[in-house]
Undergrad: 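Starting off with a structure, shown below.
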Amino acid sequence: MTLISSLSDRYPHLGFDDRPLAASCDDGWLGIIHAFLGDADKAMAAGGTFMLQQVKEKMGGLSMYYAAADIAPDARRAIDDAHRLASARSFHVCEICGRRGRLNNFNGLWKVVCDAHNGGEFGKGIPFVGPFEAHDTYSPEADPFVAARPTATEFDAAPVIEGWLIEEQAEVGRRPWLYGWFFGRPDLGDGEHGHTSPIVQIDEMVPPRWVRTDSGLYRLGIHYPPAEREIRYWAQKQTRRPVVCGEPPGGSNDIDAMLISLRSSGGLRWTKIERMEGAYRAEQESA
Ligand SMILES: [Zn+2]
């Protein structure tokens, strides 16, 4: 798994030791694992120790093994409940990509996959027709964490945001939104710049491939570091036309040429261009 080694940085109260976590499942369940650790982290706020020992796929679903010591009974109950929820969720989330999935039998091998990942290396699966006895009180439709995930079909039909950026200066109490150049959005011409409605949920993969907002689902295209993106934004604006499909915002990947063009046009204040260039050089050095 790609992110599992960073878990200890993200959940400092959980007392991971230094050895690598034994994980044997695909990355599509990372979001589920993060949500579980977030709950465990909250439950541990009153003290005690918690150690996630193993993460694995077992009979098609997610199983985690952990040890907790010196914690209050209600904290332990909260962690066990969070683990049950994580396991129930895993039966509806594609283990490979994190989109909506269902449990399938591939010649005796159980695996939760989306439509796009059914028919791959394991062949065509036979869908499991419930009910899940162990999870019969769990409804994926009533769980926003799962319900907001796109199916493979919905994902394929969704508009695309190229050069997307999450707005960082969100006011307190307001959910952030995304900026970008849109393609396939009915209310906006292709290649026009705009922003989405507030974010409901974003894919946990790095980089994320989709975002659910109040007004709908978007696929996420290319992402640029913020300073590079700002230069591309002004260079594109200078052309007075939308981004052409398949072309990068700003017209090319030559950022230096964009800076020269912005300076020579006189359309922006010199100090603004200096600031953007400084931030861009710093971004390049740290990359
Ligand atoms: Zn999938």
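What you see below is based on every heavy atom in this structure, not just the backbone, and it leaves out hydrogens, waters and symmetry mates. All figures in this text were calculated on a predicted structure; none of them were measured in a lab. All ligand and atom numbering here is 1-based and tracks the order in the structure.
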Undergrad: Is there a continuous path of hydrophobic side-chain contacts, each under 4.5 Å between heavy atoms, that joins V160 to V200?
TA: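 They do not share one cluster, since no chain of ILVMFWY contacts under 4.5 Å joins V160 to V200.
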Undergrad: Are any non-hydrogen side-chain atoms of I32 and L62 less than 4.5 angstrom apart?
TA: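 Yes. Closest side-chain heavy atoms under 4.5 Å.
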Undergrad: Answer yes if the side chains of S197 and S215 hold a donor-acceptor pair under 3.5 Å, and no otherwise.
TA: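 Yes, S215 and S197 have a side-chain donor paired with an acceptor closer than 3.5 Å.
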Undergrad: Restricting to non-hydrogen atoms, name the atom on Y66 and the atom on D80 that form the minimum distance, rounded to 0.1 Å.
TA: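 Result for this residue pair: OH-OD1, 2.6 Å.
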Undergrad: Can you count the protein N/O/S atoms lying under 2.8 Å from the Zn ion (ligand 1), leaving waters out?
TA: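 Every protein N, O or S atom under 2.8 Å from the Zn ion (ligand 1) counted, the figure is 4.
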Undergrad: Do NZ/NE/NH1/NH2 and the carboxylate oxygens of D256 and R281 come within less than 4.0 Å?
TA: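 Yes, charged N to carboxylate O under 4.0 Å.
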Undergrad: I'd like to check the salt bridge (charged side-chain N to carboxylate O under 4.0 Å, His left out) partners of E230; sequence neighbours left out, ordered by chain and number.
TA: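 Salt bridge (charged side-chain N to carboxylate O under 4.0 Å, His left out) list for E230, sorted by chain: K272, R275.
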